[in-house]
Structure formats: C-alpha cells, structure tokens
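One structure is given below, encoded as structure tokens.
Per chain, numbering begins at 1; letters A, B, ... match sequence-line order.
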Amino acid sequence: MGDSGLNVFFENFLKKESLFLEKKVLQNSFIPEKLPHREEQINQLAHILAPALKQERPSNVFIYGMTGTGKTVTVRYTTQELHKVATGRNIPLEIIYINCKINRTADTEYRLIAELSISLGRMVPPTGLPTKEIYTHFKAALANKGKNIIIILDEIDHLLTKAGDNTLYNLLRINDENLSNHVSIIGISNDLNLIEAIDPRVKSSLSQEEMIFPTYNALQLQDILRQRIESSFKGGAVEPGVIEKCAALAAREHGDARRALDLLRVSGELAERANAGTISIPFLDEADDKIDRDRFTELVSTQPTQQQLALYTILSIQPRSHSIFTGEVYTLYKSYCSKAGLRPLTQRRISDILGEFDMLGFINAKIISKGRYGRMREISLSLPPSLIPRIKQQLAEQLHL
DNA sequence: AGTCCACAGGAAGGGCAGGCGA
DNA sequence: TCGCCTGCCCTTCCTGTGGACT
C-alpha cells in the first residue's frame with residue numbers, strides 16, 4: 001500500500017460507521033447497573049457488609065467460584081453501593097481493591113503491604129525496606145484513617161502460592177493490635193483446593209463468612225449478553241442466533257461469563273474489520289479461535305528462555321501418541337540445550353517448571369507410580385491442538401533452533 | 001514382606017539485580 | 001558511591017513414596 005493508498009484507508013476508516021456504541025460495556029472491568037442472576041449473592045454480601053455503616057467491623061468473607069462467575073463484579077458492585085451510602089451520610093469507610101495477580105503488585109508479603117499502604121495514601125518505597133518496617137508504615141497509614149477499611153483481595157490464591165499463608169496470617173492479625181479502626185478482608189479465589197491447604201488459623205479467620213458462586217448456565221448467559229448488547233452495540237448489529245451460540249460456546253467452558261463477553265466483543269471487532277454490517281455466526285467462530293490463539297501465543301512468547309525451551313521440548317515429543325514422563329522430557333531437554341547453546345537447568349528446577357506449566361494450562365501433569373519403575377509426572381498437552389504447530393514454530397524462531 | 005526405582009517436592013543457601021539510605 | 005536489604009532464580013542435598021518386582 002502506497003502513501004495515497006494508506007490515506008484512502010484511513011479516510012474510509014473514519015467514514016465507516018462503527019457497530020459499537022460503547023465497547024467498554026463488554027470489558028470485564030465494567031460494572032453494570034444490574035447483575036442478572038446474582039441478586040441473591042449481592043443480597044448476601046450486602047448483609048455481611050452492612051455493619052460497616054454502623055461503624056462495626058463486618059466479618060471477613062471468603063468467596064469462591066470458577067472464573068467468569070461474577071465474583072469480582074458482584075463484590076465491586078456491592079462495595080461501590082455501600083461506599084455511596086457511606087459517603088452520603090459522612091460515614092468513614094475505605095474500600096481497597098487489590099488484584100493479587102496483576103503486575104505482580106501483590107505476590108509477596110512486602111509488595112502487598114506496600115500496595116495497601118499506598119492505597120491508604122502513604123508513600124513507601126516499592127522495595128528495599130525490611131518487611132517489619134513496611135508493617136510499621138502500614139499501621140501508621142491505618143492509624144491516620146481511623147475508620148472501617150474493607151480490603152478486597154482478588155485472586156487471593158495467587159497471593160497464597162507466591163507469598164505463603166504467613167502473609168495472610170499477619171494481615172488478619174492487624175485487628176488484634178489496632179483498636180482505632182477495623183479491617184475486614186474479602187478474599188476472592190477460584191481455586192478451592194488451595195484454600196483447603198492453608199493454615200487452619202488463617203482459614204477460620206478468613207472465612208468467617210463463605211460464599212460460593214455457581215456457574216451460569218447457557219440461558220443465564222444469554223440474559224447477561226442481552227443486557228450488555230443493549231448498550232454496547234447499535235440496534236440490529238447482532239444477528240439472530242448469535243447470542244444463543246455465544247452463550248453456548250461459553251457454557252461449554254463451565255459457564256464463563258467473561259468468555260461470553262470477550263467472544264461478543266472480539267466478533268464485533270472482526271465484523272467491523274471485515275466491513276460487515278452485522279455480526280453473524282461465522283465471526284463468532286472466528287473469535288472463538290482467535291481468543292485461544294491470542295491468549296496462548298502471548299503467554300508463550302513472554303516466557304523466559306529456559307521455560308520456552310522446556311515447552312518446546314514437550315511440544316516436540318507430543319506428536320508421538322504415547323504418554324510422556326518427566327525423565328524423557330529432561331533427557332531431551334538437555335540435548336536441546338546443547339543445540340541452543342544454553343546451560344541446562346537441574347532436574348529439580350525443571351520439575352518446578354513443569355509444575356508452572358501445569359498451572360498455566362500448557363500441560364496436564366499427573367503424578368503416577370510405575371511401581372518398580374519409579375514415580376513420575378505423566379504429562380499430556382492441554383494446549384488446543386490446532387495451536388500446537390503454530391506455537392512450536394514461534395518457539396523455534398525465538399530460540400533460534 | 002520387603003526392596004527399590006525414579007522421580008516429587010521440602011529446606012537451605014548462593015548469586016544476582018534493583019532499590020534504598022548514608 | 002558504597003554497603004545493605006530483599007526478592008527471585010537456581011542449585012545442592014535431602015527425605016518421602018506408590019506400587020511392580022522378588
């Protein structure tokens with residue numbers, strides 16, 4: 001495309017009518033005015049938090065549910081409403097939301113406490129101080145506020161794996177020594193197993209109240225989609241049948257509302273790019289592919305070199321249909337290392353990396369015993385098969401293999 | 001009943017980078 | 001600028017273990 005060609009393209013781009021009214025309605029940070037099929041949970045949470053309005057300390061809450069079951073949005077919605085009422089009546093109330101997964105803001109004890117202190121308006125260095133010191137800052141910041149404070153720890157399972165339950169234990173104990181204000185904690189997690197494994201003292205304290213969010217079924221997802229479509233797309237932009245299919249695709253993945261909204265948004269973008277006047281089912285299918293593809297290629301390309309090499313090793317074994325075990329991966333990994341001119345990591349480390357891959361959803365690792373012939377991980381790929389050649393290719397290029 | 005394989009995964013610590021105060 | 005602290009990645013050394021084999 002020459003200069004003038006580009007020019008025409010941009011001009012046309014501007015002239016083109018968008019299918020979207022407000023795209024942000026489909027983003028998962030958006031908090032709608034109504035949350036269909038979550039009335040009960042909102043109600044329950046409201047009951048738990050209401051004492052804050054009377055300057056009493058609400059119970060800690062532990063919320064569990066799969067991804068896309070509306071945990072975060074329900075909590076944000078409810079606390080937002082609570083905050084509105086409190087502000088209207090001059091009741092001191094502070095609500096801090098922290099996603100323990102984003103930007104590594106809270107994957108260590110230090111960073112979490114630093115982040116909390118900053119949220120309370122106290123500047124602290126992002127690293128460098130002894131952990132004890134940072135608690136002193138945090139307590140000082142709390143003392144300044146002298147009111148009810150609700151801390152929302154989203155993806156708290158991430159905090160637990162990274163920082164350990166000691167962090168949470170220390171945080172939960174803040175109330176014991178600090179009388180001028182009340183700290184309540186809302187923990188949100190999508191991994192129930194992990195919570196079962198934590199220190200019982202932490203568990204009982206954190207889950208004074210427990211809420212479990214059920215997954216949405218296809219019909220409920222349809223309601224959610226209809227509600228969002230109303231304000232996100234122009235009238236008639238979405239063809240009949242798209243909502244139903246979109247809900248069905250998302251319901252296939254344990255009723256994930258986030259997935260449903262992403263699907264709709266991406267198919268809208270694809271339709272726009274193709275100059276189609278409406279969103280039809282083929283765009284939806286394309287979006288379904290694209291979302292998987294983007295998620296994994298992004299994840300793979302941002303892995304450190306050694307991790308990439310380990311993944312490449314697994315991918316290159318995979319075409320053979322027999323199951324793969326740790327030993328085979330490690331042996332082959334070492335040979336690829338010499339090929340790529342890298343010093344191989346120890347088996348111990350690779351073992352951990354395989355564990356990370358399991359967590360990331362690249363592989364499915366199961367520990368099995370072959371009796372006399374040892375105990376090891378049985379590895380199968382959980383990447384979408386259609387993506388494997390593409391990812392392998394991408395890794396080969398990045399690793400110069 | 002006991003052995004022993006081939007790892008899993010815990011504990012401790014080394015080395016390094018980034019950020020701090022002095 | 002230096003020494004110091006911490007988190008992170010990694011190694012070393014270690015103990016634990018399900019079940020086929022003897």
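- What separates CD1 of A:Ile368 from P of B:dC5 is a distance of 18 Å, to the nearest Å.
- Distances shorter than 4.0 Å separate some side-chain N or O of A:Thr326 from OP1 or OP2 on B:dA8.
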Given side chain to side chain contact (heavy atoms under 4.5 Å, CB included), test A:Phe362 with A:Phe296 step by step and report yes or no. CA-CA 8 Å; A:Phe362 292 161; A:Phe296 282 114; 3.8 Å; yes

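- Taking atom CG on A:Leu345 and atom P on C:dC8, their separation rounds to 18 Å, with Å as the unit.
- For A:Arg348, whose side chain is taken as the heavy atoms from C-beta onward, the closest listed nucleotide among C:dT12, C:dC10, B:dA8 is C:dT12.
- For the pair A:Lys366 NZ and C:dG19 P, the interatomic distance rounds to 12 Å; values are reported in whole Å.
- Atom CD in A:Glu378 sits roughly 17 Å away from atom P in C:dG18 (whole-Å rounding).
- Two residues, A:Arg377 and A:Lys370, neighbour DNA chain B, and the one matched to the more 5' nucleotide by heavy-atom proximity is A:Lys370.
- A close approach under 4.0 Å does not occur between any side-chain nitrogen or oxygen of A:Ser351 and OP1 or OP2 of B:dG9.
- Picking from B:dG9, C:dG18, C:dT11 the nucleotide with the shortest atom distance to the side chain of A:Thr346 gives C:dT11.
- Atom P of nucleotide B:dC5 and atom CD of A:Glu328 are separated by 21 Å, given to the nearest angstrom.
- For A:Arg349, the side-chain atoms get nearest to C:dC10 when compared with the rest of C:dC21, C:dC10, C:dT17.
- Straight-line distance from the CD atom of A:Gln307 to the P atom of C:dC9: 8 Å, rounded to whole Å.
- Ranking C:dG19, C:dT11, B:dC7 by closeness to the A:Arg343 side chain, first place goes to C:dT11.
- At least one donor-acceptor pair under 3.5 Å links the side chain of A:Lys71 to the backbone N or O of A:Gly65.
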Check step by step if side chain to side chain contact (heavy atoms under 4.5 Å, CB included) holds for A:Ile149 and A:His182. CA-CA 6 Å; A:Ile149 295 163; A:His182 311 298; over 6 Å; no

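- Minimum atom distance to the side chain of A:Tyr373 is reached by C:dC21, of the listed C:dC21, B:dC7, C:dT11.
- We find that CZ of A:Arg375 is positioned 7 Å from P of B:dG9, with the value rounded to whole Å.
- One interatomic measurement links the two molecules: CD1 of A:Ile324 to P of B:dC7, which rounds to 13 Å at whole-angstrom precision.
- Taken to the nearest 0.5 Å, the CG atom of A:Leu49 stands 11.0 Å off from the CZ atom of A:Arg57.
- A:Arg265 has its side chain out of reach of A:Leu261: every pair of non-hydrogen atoms, C-beta onward, lies at least 4.5 Å apart.
- The nucleotide whose nearest atom lies closest to any side-chain atom of A:Arg372 is, among C:dT11, C:dA20, B:dA8, C:dA20.
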